[in-house]
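Remember, it's a predicted structure, so these values are computed and weren't measured experimentally. Numbers restart at 1 for each chain; the letters A, B, ... are given by sequence-line order, proteins then strands. Computed over heavy atoms, backbone and side chain alike; hydrogens, waters and symmetry mates excluded.
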Amino acid sequence: MVPIAKLTIVEAINAALRQEMERDASVVVLGEDVGRDGGVFRATDGLWEKFGDERVIDTPLAETGIIGASIGLALGGLKPVCEAQFDGFATPMLDQLINHASRIRWRSRGRFSCPLVLRFPYGGGIRALEHHSDSPETYYAHTPGLKVVVPSGPYDAKGLLASAIRDPDPVIFMEPKRVYRAIREEVPEEEYTVPLGQARVLQEGSDVTVIAWGAMVRECREALALTSYSIELIDLRTLSPMDTKTLVESVKKTGRAVIVQEAPRNCSVSAEVAAVLSREAFTSLRAPIKRVTGFDTVIPYPRMENYYIADEKRIAKEIDKVMKY
Amino acid sequence: MVPIAKLTIVEAINAALRQEMERDASVVVLGEDVGRDGGVFRATDGLWEKFGDERVIDTPLAETGIIGASIGLALGGLKPVCEAQFDGFATPMLDQLINHASRIRWRSRGRFSCPLVLRFPYGGGIRALEHHSDSPETYYAHTPGLKVVVPSGPYDAKGLLASAIRDPDPVIFMEPKRVYRAIREEVPEEEYTVPLGQARVLQEGSDVTVIAWGAMVRECREALALTSYSIELIDLRTLSPMDTKTLVESVKKTGRAVIVQEAPRNCSVSAEVAAVLSREAFTSLRAPIKRVTGFDTVIPYPRMENYYIADEKRIAKEIDKVMKY
Amino acid sequence: MRKTLAKFSVEYLQILDENGRADETLMPVLGDARVREFYEQMVRGRVFDETALALQREGRMGTYASIRGQEASNVGPALAMDKEDWLFPAFREDASMVARGVSMEALLRYWGWDERGNDVRDVNVFPVAVPVSTQIPHAAGFAWAMKLRKKRVATLVYFGDGATSKGDFAEALNLAGVFNLPVVFVCQNNQWAISVPRAKQSAAETLAQKAIAYGFPGIQVDGNDVFATYVATKEAIRRAKEGNGPTLIECFTYRMSDHTTADDAKKYRDAKQVAEWEKKDPIKRLQLYMKAKGLWSESYERALREQTRKEVDEAVKKYESMPPAQIEDMFRYTYAEMTPQLKEQLGYLKKSIEETKSTGGANR
Amino acid sequence: MRKTLAKFSVEYLQILDENGRADETLMPVLGDARVREFYEQMVRGRVFDETALALQREGRMGTYASIRGQEASNVGPALAMDKEDWLFPAFREDASMVARGVSMEALLRYWGWDERGNDVRDVNVFPVAVPVSTQIPHAAGFAWAMKLRKKRVATLVYFGDGATSKGDFAEALNLAGVFNLPVVFVCQNNQWAISVPRAKQSAAETLAQKAIAYGFPGIQVDGNDVFATYVATKEAIRRAKEGNGPTLIECFTYRMSDHTTADDAKKYRDAKQVAEWEKKDPIKRLQLYMKAKGLWSESYERALREQTRKEVDEAVKKYESMPPAQIEDMFRYTYAEMTPQLKEQLGYLKKSIEETKSTGGANR
Ligand SMILES: Cc1ncc(C[n+]2csc(CCOP(=O)(O)OP(=O)(O)O)c2C)c(N)n1
Ligand SMILES: Cc1ncc(C[n+]2csc(CCOP(=O)(O)OP(=O)(O)O)c2C)c(N)n1
Ligand SMILES: [Mg+2]
Ligand SMILES: [Mg+2]
C-alpha cells in the first residue's frame, strides 16, 4: 500500500519541492529567506538543510533581479523555482515576465525556452499589512506565454506544483495563503502529478454551475451547505490556459453560472469566464451569469477585509438569486 | 468665430500639453527625450523651447524612477505628465502604479492624492521592433485607482488629454500610434475638455453595436463601409471607469454586439465588456456577443503583424456572422 | 597608458562611544534641554515599541516591526530636521515619526489594521511604505517638487540595508544625483533583511559607498550614536538646502528584535551576536554620557518612564475606543469621486450585509 | 572619531592612441594574422552597417541601430572571448555578434521584421534585447547557471550608458557581486542615450565607478581602441573563469550615427562634437598602426573591401529570398505545445484569411 499523510497545503508544497528536487538535480529554489529561514510561511522548510547552499539560495532583496536571474538560470539549463514573498512584492517581476520570460521561446522560434516557476502566496484573510493580501492573477493570466496555476487544496497543490516544475514553459504558481494551513487532506508520499490546464469538477449538480479557484473554493463549499440546490462546483485550478471545455459543458447542462473570485472585478479572470460562457453556452443560459468578486478598489486593511472578500453567506445568496431569476 | 485647425492626433496631443502648461503652472512634462528632442514621436515638440528646462525635463533612462519620482512630484504639489517611450517600456512602471500611485488617496483616507498622467504610444502597425507594438491596456484597466483613457482621433485626443491632466487622480493615457498622423480632424485652437468616463456613439444604428477604442476605431469605420447593416458604432474612449450605461443601452436596442480590440484576448477589456453586456442586456441579446481580438500570443514582428491585428475585412465578416446567427 | 581616473573614499563618524564618552572635538553645540530631548525621544520610542509588541502578542494589534536597538538612527535624523522638512519613512521608524509629531495613537491604528492610521494631518510625515525601497523615488520626486517650487525644504527618506539591493533605490539615487535634488537618503543598516545578513546583501564593503555610483557623498555613521546620526543628518540637510544636492547616510546599527512579530530570528541568527550588540545600546550609552554631565538621575529616569508610560497608555486607550470605520470608506477613497461602478458596488455590499447579516470585519 | 573606512580608485586603459601609436608596454602578444583579424572584423562591421542603413532607407529592412564608431567596442570583447563563452547583446552589437559567428543574413532578418532572425543555432549568442538593461540580469543568471553547473564558461553582456540608470542593471550587478558570478559587464558608453548626453545620465564622473557599489572592479577603457577593449575583456574573462567574479568595463566611445534610423541627431547634438570624434575612428587608428608595422597596404584594403562587400551582398540576397514564414508560426512558439485556445485561434485565422482574402503581412 502507498503511504499517505494528512498534509496542509503548505506542507504539500514543501513535499512537492522536495520531491522534484530529489528527482531532478537541475531544480534550484531561490528567493528571499527561502534558505536557512525556510521561507516566511515555511514552504521551503528543511530544503536548505537537505540540498545545501547551491540548490536553495537566499538572494538579496531584489525581485527584478530574482526573476531576471531566474530567466538566465533557465536559459543556462537549470530549473529555477523562485519565490516572491507576497503577492504585492511580485509586481516588480511583471516587466521581466511580460517582456521576456513569456516570449523567449516565441522570440527565438523555439531555439531557447524559459522553464521557470514563480511561486507566491496570494490573497487576503490573514490580517496582514498592506500589499500582503492582493489577488493579482489577472496580470499574469492576461500575459500570453505564461501559465497560471492556483491550487485550492493539499492534494492538488502537490500534484500541480510537480507539473508546474516539470512544465517546459514559465508557470506562475499562486498559493492561497488564507487556507495554507486550514485544510488537511490525504496526500500520497509517492510522486504524482496533476495535469495543468484541467479544471476539476468537485461536485456534480444540475441546477447551477459554481466556478471558483484558490481560497474561494472553500467559501463555495461552505456556501453549498447553505443552499438546497443541486450545484455543480468547479475548481478552475489553471487560470491560463483555461479549461473552457469543462466549464462550457457544465453550464450547457445547468443553464446557470456563478463565478466567484477574490480579485477586483474589472477586466479580471471572471470576466473571461463569463465572456466565454455567455458565448459558448448562449442558448442554454437560463439566467444571466453572476460574478461574485472583490470590489474595484484595493482590498482593505484587515479590519474591513472580510466585507471585501465574499463569504459563504453572500455566495449562497447570489446562488439563490440566480436560481430565482 | 473660433479658430480651428486641421490637426493630426500627435499634433492635438502637443496642443493639449501646451494649452495645459500655459493654463496651469504646476504642470511639468518629463520623460526620456521629451525635451530638446521633442519626444521620439514629436508629441512634446516645442515645449522645451517654450517652457524651459524646469517644466520639460529630459530624464535618465529609468522608467521606475520616472514614475516613482512623478508620484513624489504629485505629492509635492506639481502635476507631472510623464511619458513612457513605447508600450513595452511602460511595464517597469507597473509596480509603482499598482502598489502606490493608484492607492495613495485610498491608503491615506484622502489626506494625499496622486494626480499624475502617464502617456505612452501603444499598438502595432508601424513596422517597429519588438516591444514597440503592444496593447497593454488590460494591466492598467484591471488596477483599481487608475483611470485609463484611449483617444481614437485628434478632437478627442486634445479634449481627453486636457481632462486627464486636470483630473485629480492618476490617469493612464494611451495613444494609438498607428493613427498618430493618419487622421486629420478640425480641432479648436481654444481650450476645451472632453469628459473622462463617457463613451461616444460615433454612428447610430439598429442592427448591431460595434464597440472599439484607439486605432481599431478606424478599422471599424472602414468595416462599416463594407456592410449594409445599420450599425451603431461606439468609441469606448475611457476603458476604466467604463461607461457601461451607454454600451448597455445600445445593445438593448440592437440586440447584438461585436467588440473589437487589438490586445490579446484572455482576460482583457473586451472580456469585461462582454461580461457586462451579457448580463445587463441578457434578455435583449439575439446573438452571442462576438469578440474580435488579437490572439493569445505576442503580436508578431511586422512581417506578420497584420494577420494579428484585425483588418476591416475581418471585422466586416464577423459583423456579418453575428447578423446571420 | 594605464592611469588613475578618479579616487574616492568613504568616511566614518562616531561621536559618542559605547561607554558614553563623547569626542568633544566633534560634539555639536547642544544645550542641556536639547540633550535631554534626544534621550527622551529615544525612551518614548522604546516604551512605545515594548507596548506595541505586547499589544500584538495579545491580539490587540497586527504584525509589527520593532525598532529596538535602532532608536538613535530613528531619533537623531528626526531631530536634525527642520519643521518644514518632510519625512518619508519605510516601516521601522516609529520613533522617528513620533519625534516628528505623528501621534502614537495613529501609529497604533496603522499597525492595528486600520487605514485611518495613515490619515495624519499637520505633520510633514508620509505614511509607512511596505514594499521595500519603493518610497525612495517618491522622496526624490518630492524633493524635486520642492526644488522646482523654490521652497527651502529638505526631504529625508529612510530605508534598510536590504532596500539598497533594489532597483528603485538605484534609480532614485541616480535621479537625485543628476538633478542635484535636496534629499537625504538614510539607510538604517541593521545588519539583517529578515534572515539575510548584511554580508549576503551586497559585496560592497560599506553601503555608504553606493553613493559613489551616483556622484554624491556617502558617509557611514555609528547608528547607535544619536549625536553622530544627528550631526551627519544636520550636515546633509544643510547641503540639501544650500543647493548642494543629496547625501547618503548609512547608519550602522542592529535590529535587536525579530524582523517582525511574524518572525523568529532564532531560526537564523546567533544569540551571541545579539548579546554583543546589546552592549552598544543607544539609550544606555546616552544615559552614561548624561550621568557624567549631571544630566541624568534615578529620579529623572523614574519620572520620565512614568510620564511616557502614561502617554502610551492614553494612546492605546484612544486607539481601542475608536469607532469602526464606515462601509463607505472602502469605496470613498479610490478616486476623488466614486465611479458609477463603485456606487453600484457599495449599494450591493450594503444590501448584501443586510440580507446575509454578515458581520465582516477582522472578527470572522 | 572621523576616519576613512575605505578607499577606491578607477583606472583607465588605452593601448593604441588616436594616431595609431601603441603603448608597447601594454600591447598584448598577437601574431600578425590576429592583428589583421581585429581589423577585418571591424571592417566587416562597418560594411554591414553601411549596407543595413541603405537597406533601411530603401524600405527593404526595418528600424536599425547603427554601430558606426563603436567597432572597437564591438570587436575587441568578442575576440577576447573563448568559443565556449556566451554573449548577451543589447541592440548595438552587430559587429560583435558577427565576430562571434552569427550570420549577417540572420541579423538582416532580425532587423527585417522577422522573428526567424533570432533563431541562430550553434553559436553562443543570445538574441538582441530591446528593452534597455533587461538583458543584464539574464546574463547574471546564465553565468550563475554555469557556475552552479561547474562549467568553465564566462558570460559577457553588453549595454549602453543609458542602461546604467536602470534598476535591472543595479540588481544584476549586485547579485553578481554577492554570488561572485563569472560574468563580464561591458558598457558601451557612446555618450548618448538617444538625445540624453552622458553628463545628464548620471552625476557619476565615470560609469566604471558604479562597480564600487557592488564590490567588484570596474575599469574605463578607450572604447575606440580595439587592443584596450580586447585586453580589458581578456583580463575580465580570466578573472571570471578563475572564480574571481565579475568585472565592469566601461568602453568610452561615441555613437557616430543617429540613434537609429528613426532618429535625427541633428535635432539635439552639435556637429562639431561628431567631427571631433571622427578623428578617433577605431578603424582608421588600427589601419595606421598596421601600416607602420607593414601589415596594411592599399591592395590589402581593396581585396578586403571587395571580399566583405561580396559577403554582405550574399547575405542580403539570402535574406531577401527567404520564403515568408507560415501563419502557424504565429501560434506555434508561445508554448511548447499549442493550447486549445491557440489551436482554435489558428483555425479561425486560417479560415478568416480564406474568407476575406486578406493578404496581411507588412504590405498592407
Ligand atoms: C519589495 C518587497 N519585497 C519583499 C518584502 C518583504 N520584506 C519585508 S521587510 C523585508 C526585509 C527588509 O530588509 P531591510 O531593507 O534591511 O529593512 P529592515 O527590515 O531590516 O528594517 C522583506 C524581505 C517587502 N516588504 N517588499
Ligand atoms: C526600458 C526602455 N526604455 C526606453 C527604450 C527606448 N530606447 C531605446 S534605446 C534608448 C537609449 C539607450 O541608450 P544607451 O543605453 O546609452 O544605448 P545606446 O542606444 O546609446 O546604444 C531608449 C531610450 C527602451 N528600448 N527600453
Ligand atoms: Mg535591515
Ligand atoms: Mg548610449
May I ask you to decide if [Y]'s main-chain N or O and [X]'s side chain share a donor-acceptor pair within less than 3.5 Å?
| X | Y | answer |
| --- | --- | --- |
| C:N118 | B:R107 | yes |
| B:Q96 | C:T134 | yes |
| B:R111 | C:V120 | yes |
| B:D169 | C:A336 | yes |

**Message:** For C:R121, which atoms come within 4.5 Å of any heavy atom of chain B: side chain, backbone, both, or neither?
**Reply:**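 It is both, since atoms from each part get that close.
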Side chain, backbone, both or neither: which part of [X] has an atom under 4.5 Å from a heavy atom of chain C?
| X | answer |
| --- | --- |
| B:D95 | side chain |
| B:S70 | neither |
| B:S113 | neither |
| B:D58 | backbone |
| B:I57 | side chain |
| B:L75 | both |
| B:S240 | side chain |
| B:L196 | neither |

Please find the pair of heavy atoms, one from [X] and one from [Y], that lie closest to each other, and give the distance.
| X | Y | answer |
| --- | --- | --- |
| C:T334 | B:P144 | CG2-C, 4.2 Å |
| B:T244 | C:Q341 | CG2-NE2, 3.9 Å |
| C:F179 | B:T59 | CZ-CA, 4.2 Å |
| C:L175 | B:A69 | CD1-CB, 3.9 Å |
| C:M146 | B:G76 | CE-O, 3.5 Å |

Between [options], which residue shows the highest count of heavy-atom pairs closer than 4.5 Å to chain C?
| options | value |
| --- | --- |
| B:A25, B:G145, B:P170 | B:G145 |
| B:L146, B:I66, B:I104 | B:L146 |
| B:S102, B:G65, B:C114, B:P80 | B:G65 |

**Message:** So, taking the atom named CG in B:L73 and the one named CZ in C:R149, what distance separates them when rounded to the nearest 0.5 Å?
**Reply:** 10.5 Å
**Message:** How long is the straight-line distance from OG1 of C:T339 back to CG of B:D243, given to the nearest 0.5 Å?
**Reply:** 11.5 Å
**B:R103 with C:E115: basic N within carboxylate O range, under 4.0 Å** =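 Looking at C:E115 together with B:R103, the answer is no, because their closest N to O distance does not fall below 4.0 Å.
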**Residue selection (most heavy-atom pairs with chain B, distance under 4.5 Å) from C:Y335, C:W144, C:F88** =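 If we count pairs closer than 4.5 Å to chain B, C:Y335 comes out on top.
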**Asked** What class does the angle between the rings of B:F112 and C:F126 fall in, given that below 30° is parallel, 30 to 60° is tilted and above 60° is perpendicular?
**Response** parallel
**Request:** Give a yes or no on whether C:E337 atom CD has more than 12 heavy-atom contacts from other residues, nucleotides or ligands under 6.0 Å away.
**Result:** no
**Request:** Return yes when atom NZ of C:K151 has more than 12 non-hydrogen atoms of other residues, nucleotides or ligands closer than 6.0 Å, and no otherwise.
**Result:** no
